[in-house]
Structure formats: structure tokens, C-alpha cells
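All ligand and atom numbering here is 1-based and tracks the order in the structure. These numbers were taken from a predicted model, which means no experiment stands behind them.
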Amino acid sequence: MKWAVIIILGCSVAETTLGWTYHHSLNTLNWKQAREWCQTNFTDMVVIRNQSENDYLVSWLPNRTGTPYYWIGITKEHPNDSWTWIGNNSTWIGNRSWAPNEPNNNHSTEFCVEIYVNTNSNRGQWNDEKCSNEKYAVCYEAQCNATSCERGRCQEVINSTTCLCEPGFEGDRCQTPVKCPRSYQPDDGYLICSKGNGTFNTTCQFKCHGFLVIGLSEVTCEATGEWKGPRPVCSSYKQALLAVAGCGALSSFFCICFCCIKHRKRKKITQERQPEDATSPPSDVNG
Ligand SMILES: *[C@@H]1O[C@H](CO)[C@@H](O)[C@H](O)[C@H]1NC(C)=O
Ligand SMILES: *[C@@H]1O[C@H](CO)[C@@H](O)[C@H](O)[C@H]1NC(C)=O
Ligand SMILES: *[C@@H]1O[C@H](CO)[C@@H](O)[C@H](O)[C@H]1NC(C)=O
Ligand SMILES: *[C@@H]1O[C@H](CO)[C@@H](O)[C@H](O)[C@H]1NC(C)=O
Ligand SMILES: *[C@@H]1O[C@H](CO)[C@@H](O)[C@H](O)[C@H]1NC(C)=O
Ligand SMILES: *[C@@H]1O[C@H](CO)[C@@H](O)[C@H](O)[C@H]1NC(C)=O
Ligand SMILES: *[C@@H]1O[C@H](CO)[C@@H](O)[C@H](O)[C@H]1NC(C)=O
Ligand SMILES: *[C@@H]1O[C@H](CO)[C@@H](O)[C@H](O)[C@H]1NC(C)=O
């Protein structure tokens with residue numbers, strides 16, 4: 001119960017951290033200059049990963065009444081290449097990303113993309129343009145850095161960053177190894193953990209106050225926060241002695257019964273076989 005509460009708290013803390021932010025230039029630049037301006041002052045030119053990000057960006061940018069509009073970070077190098085986002089080679093393009101009749105590759109040289117931010121019906125849609133044209137730059141500033149998430153991957157969405165933790169770690173920065181419950185102890189026994197207090201990827205030994213451990217004496221804390229292996233139990237001297245005595249008594253009883261039955265059976269067989277033996281020929285007659 002306690003651990004469940006901690007896991008839930010960890011997630012909510014991660015959600016409240018601020019994610020990447022958008023910025024735009026006040027002057028127009030060609031696409032290459034615009035990207036350089038973004039890289040100098042922020043992280044890079046804006047990357048749009050899905051339609052809701054596109055809609056958010058458009059609602060955030062100031063409306064323009066006509067060209068020039070804003071450069072976005074999707075481009076290609078040759079006419080036959082596919083349109084590719086800067087950064088991670090994503091090729092995401094939504095069903096209604098391109099404005100009607102775009103991309104038209106006018107003059108076979110339009111390898112950069114602008115986004116219409118206006119009040120017309122093509123608001124928020126894209127148009128391929130010559131990279132040497134001058135437009136406003138739109139940049140993003142990442143909040144994730146090398147130290148954002150200790151044992152996980154930092155993911156940025158609009159206005160928030162989230163640490164996606166590796167299995168076995170939790171917390172807003174994935175800094176805490178998952179803990180296995182201390183209550184998991186055999187009656188009459190206790191856990192000895194060499195390190196980590198019974199956290200993920202550590203091994204603990206079971207010891208008994210009494211006599212012996214039935215089950216594995218060593219358990220490992222798994223990524224799920226559970227001990228691996230069947231729950232061991234401790235046995236006291238008394239129980240052990242009783243068990244041995246009980247076993248002994250039981251086996252002697254069975255032994256006696258077994259011998260008794262066998263003895264009777266043999267006696268019966270001998271009695272039946274005697275008259276038969278007199279008339280039958282020797283068994284190796286065909287040999
Ligand atoms: C993008 O693709 C190019 C060419 O295939 C490759 O050299 C580059 O490493 C890729 N970049 C990323 C971030 O995947
Ligand atoms: C690029 O980033 C997007 C959004 O983060 C992700 O969905 C996509 O899988 C990434 N692509 C590659 C090739 O890494
Ligand atoms: C192609 O570009 C020329 C001049 O750059 C322009 O006059 C013409 O309308 C464009 N054609 C299309 C289909 O956009
Ligand atoms: C920009 O235009 C859209 C569509 O007409 C409108 O909803 C929005 O309020 C405008 N934004 C600003 C900042 O004026
Ligand atoms: C890295 O990002 C975290 C938030 O994710 C921030 O608190 C920290 O100051 C940043 N560190 C550096 C060196 O920028
Ligand atoms: C689109 O991006 C937003 C913000 O980055 C994110 O919250 C949402 O989950 C994404 N949606 C899909 C379908 O990927
Ligand atoms: C184990 O937990 C105790 C109390 O919670 C703490 O004092 C001790 O430093 C911890 N040891 C390790 C190795 O984490
Ligand atoms: C688990 O512990 C071993 C030895 O201490 C280490 O080599 C390994 O990287 C750890 N695994 C994880 C997922 O932390």
C-alpha cells in the first residue's frame with residue numbers, strides 16, 4: 001500500500017515539470033540562417049510531432065496577414081527524398097498538414113516548408129518553399145538535459161517533461177530503485193540484505209531463528225517490486241523433530257504392512273504352483 005502511494009506521487013511530480021518552450025524571431029531569415037539563429041539562441045528549429053502539437057504552435061504564434069510566414073524544421077535535400085524532420089529523422093506528416101495543392105515543388109527547388117499562421121481556411125497548414133526565401137524562424141528550447149532523468153529517458157511534450165523510467169526505477173527523475181516489501185519475511189525468520197535495503201536488483205538471505213529454511217534461502221528483488229522465488233518458511237527444532245519422528249513411524253508402519261502382504265502372497269503362490277509343476281514339461285524344451 002505504502003509503495004503504491006509513493007509510485008503514484010512520483011508520476012505526478014514528473015508531470016508538473018515544465019517542458020520545451022517555443023520562440024520566434026522578429027526578423028525574416030532564409031531557412032539556413034533561421035536554423036542557425038535557433039541553434040544559437042535556443043535548441044533548434046521547431047519540430048512538430050503530431051497534429052495537436054501543430055495546433056498548439058499555430059495558436060501560440062502571432063497571426064500574419066500574408067507572406068512571409070514562419071519556417072518549420074522539416075526539409076529534404078533532393079527532389080526524390082522524403083520530407084524529414086530535423087533532429088531525429090522523423091517523417092511525420094498529418095492527413096491535413098499540407099495546404100491544398102501542396103507540396104507543388106514549383107521550379108523543382110522547393111525543399112523547405114513554411115506554416116501558414118493566418119485567419120484563412122488554410123490556417124495551420126504547410127507549403128513547400130524555396131529555402132533561400134526569407135521568413136520568420138520558429139524555434140524550440142528543450143528542457144531535458146543529460147541529468148534530467150537518472151535511470152530513464154526524458155520525454156518532452158508541450159509544457160512538460162516526463163522521465164520514462166527503466167524497469168526497476170521510479171521517482172520524478174527515475175532516481176529511486178524500486179523497493180521490495182520488508183514485510184515479506186517468514187515467520188520466525190528475518191532478512192539479511194548486504195546492500196540496498198532490499199531494493200531492485202539486490203539479493204537478500206533468509207535466516208531462521210529456529211532450525212531450517214524450507215524453500216529458497218536467497219531471494220532477489222525484481223523490477224516489479226516483488227521478491228523472486230517461493231515464500232520460504234522457517235521450521236523450529238520441535239517441528240523438525242516431530243516431522244522426522246512422524247516420518248519414521250509412518251515408514252515403519254508401511255514397511256511392516258508391505259512385508260506382511262508380500263509374505264502372505266508368496267505363501268499362496270507356492271501352494272498353487274505345486275501340483276502344476278508335476279505335470280508340465282521343463283521350460284527349456286524348445287531351446
Ligand atoms: C538520420 O539519418 C541519417 C542518414 O540516414 C543518419 O546519418 C543520422 O545519424 C540519423 N540521425 C538520427 C538522429 O537518427
Ligand atoms: C522522433 O521523435 C518522435 C517524437 O518524439 C518519435 O515519435 C519518433 O519515434 C522519433 N523517431 C525516431 C526515428 O527516433
Ligand atoms: C511558381 O512560382 C512562380 C514564381 O516564383 C509563381 O509566379 C507561380 O505562381 C508559382 N506556381 C505555383 C503553382 O505556385
Ligand atoms: C488568429 O486567428 C485565429 C483565427 O481567425 C483566431 O482564432 C485567433 O484568436 C487569432 N490570434 C490572435 C493572437 O489574434
Ligand atoms: C537539467 O534539467 C533539469 C530539469 O529537467 C534542471 O533542473 C537542471 O537545472 C538542468 N541542468 C542543467 C545543467 O541544465
Ligand atoms: C501529441 O503531442 C502531445 C503534446 O506533445 C502529447 O500530449 C500527445 O500525447 C501526442 N499525441 C499523440 C497521439 O501522439
Ligand atoms: C537502509 O535504510 C535505513 C533506514 O531506512 C537507512 O538508515 C540506511 O542508510 C539504508 N541503507 C542503505 C544501504 O540504503
Ligand atoms: C544489477 O546488478 C548487477 C551487479 O550488481 C549489475 O551489473 C547490473 O547492471 C544491475 N542491473 C540493473 C538493471 O541495474
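Each of T28, N118, N127, I115 was checked for a side chain to side chain contact (heavy atoms under 4.5 Å, CB included) with Y69, and the lone residue meeting it is N118.
Classification of the W60-Y22 ring pair by plane angle, with boundaries at 30° and 60°, yields tilted. Relative orientation of the W85 and W92 rings is parallel, given thresholds of 30° and 60° on the angle between their planes.
K135 has a carboxylate O that lies under 4.0 Å from a charged side-chain N of E114, or vice versa, which qualifies the two as a salt bridge.
The distance from ligand 8 to the heavy atoms of F200 drops below 4.0 Å at these ligand atoms: 13 (C). For ligand 8, the atoms closer than 4.0 angstrom to any heavy atom of R151 are 14 (O). Against a heavy-atom cut-off of under 4.0 Å, N201 is close to the following atoms of ligand 8: 1 (C), 2 (O), 3 (C), 8 (C), 10 (C), 11 (N), 12 (C), 14 (O).
Proximity of a side-chain donor or acceptor of Q155 to a complementary backbone N or O of L164 within less than 3.5 Å is not detected.
No side-chain donor from either of N30 and W71 sits under 3.5 Å from a side-chain acceptor of the other.
A heavy-atom distance below 4.5 Å is not found between the side chains of M45 and V47.
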Ligand 4: which protein N/O atoms lie under 3.5 Å from its N/O atoms?
{"unit_1": "ligand 4", "atom_1": "2 (O)", "unit_2": "N63", "atom_2": "OD1", "d": "3.3"}
{"unit_1": "ligand 4", "atom_1": "2 (O)", "unit_2": "N63", "atom_2": "ND2", "d": "2.5"}
{"unit_1": "ligand 4", "atom_1": "2 (O)", "unit_2": "R123", "atom_2": "NH1", "d": "3.4"}
{"unit_1": "ligand 4", "atom_1": "11 (N)", "unit_2": "N63", "atom_2": "ND2", "d": "2.8"}
{"unit_1": "ligand 4", "atom_1": "14 (O)", "unit_2": "N63", "atom_2": "ND2", "d": "3.3"}

